[in-house]
Amino acid sequence: MKTKYRFTVASLVFLGLSGLSFGPPTATVKPNIIVIMADDMGFSDIGCYGSEIPTPHLDNLAKNGTKFTQFYNAARCCPSRAALLTGVYPHQAGMGEMVVTKVKDRAQENPYQGWLSKQTATVAEMLKASGYQTFMSGKWHVGEERADWPLQRGFDKYFGLISGATSYYEVLPGRLVLEDNEPYTLPKDFYMTDAISDKAVEYISSNEKTKQPFFMYVAYTAPHWPLHAPDEEIQKFRGKYKRGWDELRKERFVKQQKMGLFGKKYALPERDADIAAWENTTNQDEWDLKMATYAAMVSRMDAGIGKIVEKLRANGQLNNTMIVFLSDNGACAEVLDARAKKDLGEAAYTVSLTTPAGQKGSYTTYGKEWAALGNTPFRMYKQFTHEGGIATPMIVHYPNVIKKAFQTSQVGHIIDLLPTILEVAQVKQPLTMNQQNLKPIEGKSLVPILQGKTRKGHDYIAWEHFDNRAIRQGKWKLVGMKGKSQWELYDLENDRTETQDLAQAHPEIVAQLTEKYRQWAAKVGVKK
């Protein structure tokens, strides 16, 4: 026998006051959140930002999400990761420069200490305290000692590389690949990128029975040097880069303009004076192999991201999951001669000199030549504060909020990710944690942008890394380089590629921004 219920307004009010709620079940289910970070990947290295490298899974996230054209990282791996995890500027998180392998004094914190400040809480610590499961797969690089490892900073489960870089096929001496703080035994046919992807999928599976929302940080080592990729992946790209960096750079820029990433008024900067014209390069097959390997690394990472997305789709969680993708800095122009000898030891280094890029035993980079292609159309590279060092592709995919895909030119900074995550997760920043007073979050939530609104952003944003420095306010950007006291000034509204230095034409703006930079530097603790 069926019983019919008839609700009056009064009875509904009573039920509401009794703590009951009505509506679809998903309305009260907190979202899952996944942050995916690439390592040393240039602004234009994925398809939806102009690349010839096929990245269908990332392109699809952008096609159905929000694509940012003016989003910034913190110029290098350690500072960017510290800012992402804590929502404060790198110096405030103790990572003004790079991580240290041994902590000298934990009692006296400083902006350049090289490990995450205890006066900051990580996003994992905050979400875990609010009922989230917290997972990480990939590169940590913000604390080498056990006290600063992921499980000690809020993650329930962790797999990955504690240090900054290692072989994709084996663990170099002094590097730590861990699973839940224990040394990880590499299986046969180990390849770092695949291992990071597979572990991320495993963590999603492990969460299915808990009914808890989860936060997951997937920090790929790809496509950071050394250039390593499975041969079958490399062969897909062999020969495609014999057209050279000059032609491909122009092609990427044309694609970017067609995509509306940049206005037609922007100019593509001239090739760096110390980069040879492709037509004058004699070892073109070797250069082709290097870039083919790099492309294979990006492609393999994209395939892994596809596995993560497919797992979410299969278990019905995709719509209620916010996925964020970005890179920790611009493309890398480093050359590894001295570093390779130090990392590998004399014998292995000698072998590496004759081992082709991509193979186990090799240890090489793709140089400034291909890094300039990766950063199209920007100048400079990783660690610098010109756009080539700090501009990142940034994609947010979140179907429950982003109902219609769009591209935005609103300016954002990596410190904005933590407050965005907290707002999406409906979590407030605690004032204290682990008996420490916490520094206020510097970032501002991106949620209004994701909702299609105009966000009231930062008055200004600023950078400093090994004396490379910059400040941006509105359309104006002041930039300084290590060893040079002279500032450069650019109008990014009309010259995003930083080709016309206006410092002499607008000394009053230089003076105003210099003073703002001075105040910011004093606030966060930049070295004098």
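All values derive from a computational prediction rather than experimental measurement. For the single chain, residues carry numbers from 1 onward in sequence order.
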With no hydrogens and no angle check, is any side-chain donor or acceptor of R472 less than 3.5 Å from a backbone partner on Y460? no
Rounded to the nearest 0.5 Å, the CG atom of L418 sits from the CD atom of E423 at a distance of 12.0 Å
Identified ring pair (Phe, Tyr, Trp, His ring centres under 6.0 Å) counterpart of W287 within the set W278, W245, Y294, Y366: W245
Kindly say whether the aromatic ring centers of F71 and H413 come within a distance under 6.0 Å. no
Output for pair (D59 CG, Y49 OH), nearest 0.5 Å, gives 10.5 Å
Among Y490, Y266, F262, F253, find the residue that satisfies the ring pair (Phe, Tyr, Trp, His ring centres under 6.0 Å) test when tested with F378. F262
Where do Q473 and I471 land on the side chain to side chain contact (heavy atoms under 4.5 Å, CB included) test, with the steps shown first? CA-CA 7 Å; Q473 184 178 44; I471 183 168; 5.6 Å; no
Which distance, rounded to the nearest 0.5 Å, do you find between the OH of Y191 and the CZ of R300? 7.0 Å
Residue pairs meeting ring-ring contact (aromatic ring centres under 6.0 Å, His included), one or both in residues 385-404, sequence neighbours left out, come to none
Just by distance, with hydrogens left out, do Q235 and D231 show a side-chain donor and acceptor under 3.5 Å apart? yes
For W476 and D491, which heavy atoms make the closest approach, and how far apart are they? CZ3-CB, 3.8 Å
With no hydrogens and no angle check, just 3.5 Å: does a side-chain donor-acceptor pair link E387 and Y72? yes
Nearest atoms (heavy-atom pairs only) where C78 meets M98: SG-CE, 3.8 Å
Those residues that, when tested against K63, pass salt bridge (Lys or Arg N to Asp or Glu O under 4.0 Å) (two or more places apart): none
Around K265, counting heavy atoms of other residues, nucleotides and ligands shown, do more than 12 lie under 6.0 Å from its NZ? yes
What pairs with K67 under salt bridge (Lys or Arg N to Asp or Glu O under 4.0 Å), at least two apart in sequence or on another chain? none
